[in-house]
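Convention: sequence-line order gives letters A, B, ...; per-chain numbering from 1.
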Protein chains: 2
Amino acid sequence: MKAELKQKPQQILDFIKAYRDEHDYPPSLREIGGATGIASTSHVTYYLDQLEEKGYIARDNRISRGIQLLGAAEPFAHAAEEVVSVPYLGYIVASAPISVEPLPGDETVEISRALFGRDTSDLFALTVQGNSMIDALINDGDMVIIRQQERVENGQMAAVWLDDPGETTLKKLYYEGNQVRLQPANPTMEPFYEPAENVRVQGKVVMVIRQMG
Amino acid sequence: MKAELKQKPQQILDFIKAYRDEHDYPPSLREIGGATGIASTSHVTYYLDQLEEKGYIARDNRISRGIQLLGAAEPFAHAAEEVVSVPYLGYIVASAPISVEPLPGDETVEISRALFGRDTSDLFALTVQGNSMIDALINDGDMVIIRQQERVENGQMAAVWLDDPGETTLKKLYYEGNQVRLQPANPTMEPFYEPAENVRVQGKVVMVIRQMG
DNA sequence: ATTATATTGGAACATTTGTTCCATGTCAAG
DNA sequence: CTTGACATGGAACAAATGTTCCAATATAAT
């Protein structure tokens, strides 16, 4: 039974939020009192104790402005959890293996966590250069988000480096004995086969993003 | 000429960030000193003045813990501005026009603003159902982000409703006299033509997002 | 009415915290 | 060697800030 906050405590909570938004640090007891029409600091403490009791805030003893907004209150912490920041590493081209060296200036791409599975580690983003991956329904200029890993499960789309022709490509992989079937994502195109030792998985393709003017 | 921060100031800046992440409020001068091996508060002030000079932080005089992280430093404020929230409206199917009624519970998808042009208004997101748009390099299950508008420029990809067959499709449009050429995004497929009055533009396709397991 | 409980104010006090001023050491330039 | 900018420490001090204790008034319960 989560009782509604009465006016005063609610007012205080709102003020703390607003103050933090403006100053980037929490208010002092006297500032809270001044803004909410409370004359005594002990009176402010009185309400702050209630707010802490009910889990709206946390306080650090004897530390000035030591107030933290919890759960229901904090807007930023929320937003941060709903978005994944994926480092952007430049280009993926057919003629060279993927390089995973971070760019100077650490650019990132933010995308809703909801669009990913639970595992959002080891991700990076690349821009596809060239039309050689059209058979994967991927165009020149598309952005692919890849999870770095050295093997994928049957049927998953992977970025692979083929030793023999010496090129990077994106295909669905099916392990069939000591051969690998590389299946274009475009169902109108035919698969081809490579010996397993010729196929180096660079990562699993997790997402493709195409921007259009 | 943006001079690199020397070790100490950089260390202080990092500490302030970390401390704020953990406590939700900024550290005091003595806490900064303690964490960075500086024995005197005046010494901490010395560096803080430098950081303020260079625009990394702002300080409020005589206010305890009155430190704000600016621009380069603040991760949250940064993220909020760099992300666009696009409302998610459900499905787009070949057999029906697009419906732009918001779903209950207002779901949204957040994506880096950097991936869009400057105009991020009137956007909405839909999930493609069915394989009928494969000629636009779009698969069953892909998400498309569309800007609602009733006409597009030549060569832009649009979501259109064709009165005659009675279906929604995604094509690049070229106005040619009183005909419209509907060009599949997949260059291996042939375009076809429709009389202009049969083509109702529902919106411009701004982005395609494909998620893969 | 009387008692208990919640609300509000005041003020003294102890800490925490920022400021200021002075002193010392280092290191490169003149 | 002297000078001066930079880096560092110390301590005294003033201001800001949280705590604590006491008192007064309301408001509700008995």
For [N], does either OP1 or OP2 sit under 4.0 Å from a side-chain N or O belonging to [X]?
X: A:Tyr46; N: C:dA6; result: no
X: A:Asn61; N: D:dG18; result: no
X: A:Arg59; N: D:dT19; result: yes
X: B:Arg65; N: C:dT17; result: yes
X: A:Ser64; N: D:dT17; result: no

(message) Using a heavy-atom cut-off of 4.0 Å across all strands, would you classify B:Arg62 as base, sugar-phosphate, or nothing?
(response) sugar-phosphate
(request) Have a look at A:Gln50 and say if it touches a base, only the backbone sugar-phosphate, or nothing, with a 4.0 Å heavy-atom cut-off. (result) sugar-phosphate
Rounded to whole angstrom units, what separation is found between the [atom1] atom of [X] and the [atom2] atom of [N]?
X: B:Leu29; N: D:dT8; atom1: CG; atom2: P; value: 16 Å
X: B:His43; N: C:dG18; atom1: NE2; atom2: C1'; value: 16 Å
X: A:Ile12; N: C:dT7; atom1: CD1; atom2: C1'; value: 12 Å
X: B:Tyr25; N: C:dG18; atom1: OH; atom2: P; value: 13 Å
X: A:Ile38; N: C:dT7; atom1: CD1; atom2: P; value: 11 Å
X: A:Glu31; N: D:dA15; atom1: CD; atom2: P; value: 17 Å
X: B:Asp49; N: D:dA7; atom1: CG; atom2: P; value: 13 Å
X: B:Tyr47; N: C:dT19; atom1: OH; atom2: P; value: 18 Å

(request) Please determine, for the side chain of A:Arg30, which listed nucleotide (C:dT17, D:dT17, D:dG9) has the closest atom? (result) D:dT17
(message) Just checking A:Glu153: does its CD atom have more than 12 heavy atoms from other residues, nucleotides or ligands closer to it than 6.0 angstrom?
(response) no
Please evaluate the base of [N] for a donor-acceptor partner in the side chain of [X] within a cut-off of under 3.5 Å?
X: A:Thr41; N: D:dT19; answer: yes
X: B:Ser40; N: D:dG10; answer: yes
X: A:Ser42; N: C:dG10; answer: yes

(request) Using the six-membered ring of A:Tyr25, assess whether NZ or CZ of A:Arg65 lies under 6.0 Å from its centre and within 45 degrees of the ring axis. (result) no
(request) Could you pick out which residue, B:Gly37 or A:Asp60, lies toward the 5' side of DNA chain D when each is mapped onto its nearest nucleotide? (result) B:Gly37
(message) If the test is side-chain contact (heavy atoms from CB on, under 4.5 Å), which one of B:Ile111, B:Leu123, B:Val144 qualifies with B:Met207?
(response) B:Ile111
(request) Of all the heavy-atom pairs spanning B:Ser121 and B:Arg147, show the shortest one and how long it is. (result) O-NE, 3.3 Å
(request) Could you tell me whether the side chains of A:Thr108 and A:Glu110 share a donor-acceptor contact shorter than 3.5 Å? (result) yes
